[in-house]
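Here it is, the structure, as structure tokens.
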Amino acid sequence: MSNTPDTDIAVRTYVEGNRAAFLDDLAEWLRIPSVSADPARADDVRRSAEWLAASLTATGFPVAETWPTAGAPAVFAEWPSGDPDAPTVLVYGHHDVQPAAREDGWHTEPFEPTVKDGRLYARGAADDKGQVFLHTLGVRAHLAATGRTAPAVNLKLIVEGEEESGSPHFAELIQAHADRLACDTVIVSDTGMWSEDTPTVCTGMRGLADCQIDLYGPDQDIHSGSFGGAVPNPATEAARLAAALHDADRRVAIPGFYDGVVELTDRERELFAELPFDEGAWLRSAHSHATLGEAGHSTLERIWARPTAEVNGIGGGYQGPGGKTIVPSYAQLKLSFRLVAGQDADKLEPAVREWVAARLPTGIRHEIAFGNATRPCLTPLDHPALQSLARAMGRAFGTEIRFTREGGSGPAADLQDVLGAPVLFLGISVPSDGWHAPNEKVELDLLMKGAETAAYLWCDLAEKRPV
């Protein structure tokens, strides 16, 4: 699809002409309360998958299937290009949603979509049904503007049903179906932009690892007057571990933690600095009163491109009213680690175990349990596929596209690792959309811009051969 006024007008005309019908269909899907964390909603999650598969078939996908897992089903769809040299693109999203109830503070019923002032309010409107569904409008606009009967790329979708529950079966699913999911590029539509006025493309997400450290001292709580100061105290040792987690520059003090970290380039630092970042407003959104973190890095660099270690919880001993003079028998420390490109989650666990064991005195027995790790992913700024996405988004928004990263974590790295393809992020949500919060919404004009971006992207990827 050449970058001409006529083709852009054709895409926008189609998107606007089909906006009402598209939103009616999206509202029907949003009415299904597909809460994966609630076992009582298992049938609804299954119904959501079946609804999406049927909708993709109606869109024109010749293949649309529900794929069972040990938990909730995923949806797979495929639309071959017909062009022998066409690249293959896999779009990822999820159809499950967070729990929601009117009494949580919603102004409307969370599963009864409501349009007001150009916004669609409903659980899943932005996270992630709206951002998945925009691809149905986008591919139809792409076909209408080009006169094609099939996309310019071999287009595939994988839409999981357990992302809001930690994607416990997703890696296994994509490993089992790696041959059918094989692709040249992955597009993740489960992220956002900087703001309505500053459209951006995300270039990477951090990974995540977490652990619980259980510390055991005396066989029971004992009198602090009779025994305190003469035997090890697990609560004290938990506090000492937490205090030793960072050095004076707020760097993580676990030996080997920074091994392999891909450092920011000067250009990336410049691009971060160009963003209209209001630190005061950011602090208000964080409900915090000052910034603090690794020395030598800006706030955006800390939350997007630097690895971290956080104490998520610490406890032990008496927690009731008044005092209880004991040496407790047990204490607990919960830690999480955000990882960046170049770090190996498999090497983190033994490093943490060795660090903990070296710091605990004789007489403190400990156990460490790690959860499933999520790997980081990063697409270099000069990657041709990323440039295609930036061009497509720039056409839709009519302005220069800037670049960000995400501080959180998701299953994108599983796709990158298993399929061996670069991961790109096409998201149109903005911070005010309220993911996981009461009154979640999506800006309807941005949703249409997302559909336009998808319509332009498939031809750009095919014509530029970036993969």
Side-chain angles (χ1 to χ4, degrees), residues 92 167 170-171 174-175 184-188 190-191 200-211 245-247 249-273 275 293-310 335-356 370-387 389-390 402-425 466-467:
Y92 166 85
S167 301
F170 187 64
I174 59 176
Q175 288 165 358
D184 299 299
T185 302
V186 176
I187 303 291
V188 172
D190 187 25
T191 53
T200 54
V201 172
C202 174
T203 63
M205 299 185 76
R206 294 192 292 187
L208 173 64
D210 68 282
C211 68
L245 193 57
H246 300 88
D247 65 17
D249 290 325
R250 306 285 171 172
R251 286 175 58 86
V252 179
I254 298 171
F257 181 77
Y258 292 93
D259 289 354
V261 166
V262 176
E263 301 289 344
L264 278 166
T265 65
D266 291 341
R267 180 56 179 154
E268 286 175 310
R269 282 177 174 265
E270 291 171 0
L271 289 171
F272 286 3
L275 291 165
E294 184 183 358
H297 295 277
S298 70
T299 297
L300 290 182
E301 290 170 4
R302 289 168 181 166
I303 61 175
W304 286 349
R306 299 301 299 167
T308 64
E310 293 294 336
L335 305 177
S336 66
F337 305 89
R338 298 287 175 170
L339 310 177
V340 299
Q343 286 182 295
D344 188 341
D346 292 336
K347 294 181 179 179
L348 175 65
E349 180 174 340
V352 172
R353 291 185 182 278
E354 183 176 344
W355 177 77
V356 171
F370 275 80
N372 293 326
T374 299
R375 296 181 181 277
C377 64
L378 177 66
T379 302
L381 286 175
D382 59 356
H383 194 285
L386 180 62
Q387 294 304 312
L389 177 54
R402 300 183 182 276
F403 297 93
T404 64
R405 295 193 195 179
E406 288 279 344
S409 309
D414 288 333
L415 292 162
Q416 177 181 267
D417 291 347
V418 174
L419 303 179
V423 174
L424 312 178
F425 298 88
V467 293

For the student: nearest non-hydrogen atoms of Leu381 and Gln387, plus distance
O-NE2, 2.5 Å
So which atom in Leu208 and which in Ser336 form the shortest heavy-atom distance, rounded to 0.1 Å?
CD1-CB, 4.2 Å
Can you name the side-chain hydrogen bond (donor to acceptor under 3.5 Å, both in side chains) partners of Arg251, sequence neighbours left out?
Glu294
With sequence neighbours left out, what residues match Arg338 under side-chain hydrogen bond (donor to acceptor under 3.5 Å, both in side chains)?
Ser409
Under 3.5 Å donor-acceptor, Thr203 side chain and Thr404 backbone
yes
With sequence neighbours excluded, residues passing side-chain hydrogen bond (donor to acceptor under 3.5 Å, both in side chains) with Glu263
Arg306
Partners passing side-chain hydrogen bond (donor to acceptor under 3.5 Å, both in side chains) against Glu268 (at least two apart in sequence or in another chain)
Thr265, Arg405
Measure across Pro307 and Gln343 and return the closest heavy-atom pair with its distance rounded to 0.1 Å.
CB-OE1, 3.2 Å
Can you give the donor-acceptor pairs under 3.5 Å from side chains of residues 370-379 to other protein atoms, not counting sequence neighbours?
from, atom 1, to, atom 2, distance (Å)
Arg375, NE, Asp417, OD2, 3.4
Arg375, NH2, Asp346, OD2, 2.8
Thr379, OG1, Val423, O, 2.4

CG (Leu386) and OG1 (Thr185) are apart, to the nearest 0.5 Å, by 10.5 Å
Would you compute the distance between atom CG of Asp249 and atom NE2 of His297 and round it to the nearest 0.5 angstrom?
10.0 Å
Among all residues two or more places apart in sequence or in another chain, which pass the ring-ring contact (aromatic ring centres under 6.0 Å, His included) test with Phe403?
none
Give the intermediate values and the outcome of side chain to side chain contact (heavy atoms under 4.5 Å, CB included) for residues Val252 and His246.
CA-CA 4 Å; Val252 179; His246 300 88; 4.2 Å; yes
Sequence neighbours left out, what passes side chain to side chain contact (heavy atoms under 4.5 Å, CB included) with Asp414? Give chain and number order.
Phe170, Ala171, Ile174, Pro411
Run the numbers on Val262 and Val340 for side chain to side chain contact (heavy atoms under 4.5 Å, CB included), then give the verdict.
CA-CA 7 Å; Val262 176; Val340 299; over 6 Å; no
Which distance, rounded to the nearest 0.5 Å, do you find between the CH2 of Trp355 and the CZ of Phe257?
11.0 Å
Going by the rule side chain to side chain contact (heavy atoms under 4.5 Å, CB included), which residues pair with Glu406 if we only count those two or more places apart in sequence or in a different chain?
Thr191, Cys202, Met205
Looking at every non-hydrogen atom in both residues, tell me the closest pair between Ala209 and Leu348 and how far apart they are.
CB-CD2, 3.7 Å
Between OH on residue Tyr92 and CG on residue Leu424, distance to nearest 0.5 Å:
15.5 Å
Partners of Arg302 by salt bridge (charged side-chain N to carboxylate O under 4.0 Å, His left out), sequence neighbours excluded?
none
Between atom CG of Asp184 and atom CG of Leu419, what is the distance when rounded to the nearest 0.5 Å?
10.5 Å
Please work out whether the ring planes of Trp304 and Phe272 are parallel, tilted or perpendicular, with thresholds of 30° and 60°.
perpendicular
Reported CG-to-CG distance for the pair Leu300 and Leu264, which is rounded to 0.5 angstrom:
10.5 Å
Stepwise side chain to side chain contact (heavy atoms under 4.5 Å, CB included) check, Asp344 with Leu339
CA-CA 8 Å; Asp344 188 341; Leu339 310 177; over 6 Å; no
Holding to side chain to side chain contact (heavy atoms under 4.5 Å, CB included), I want the full list of residues that pass it with Arg402, two or more places apart in sequence or in another chain.
Thr198, Thr200, Glu274, Leu275, Glu400
Contacts of Arg353 meeting salt bridge (charged side-chain N to carboxylate O under 4.0 Å, His left out) (sequence neighbours excluded), chain-then-number -> Glu349
Under the ring-ring contact (aromatic ring centres under 6.0 Å, His included) test, residues paired with Phe425 that sit two or more places apart:
none
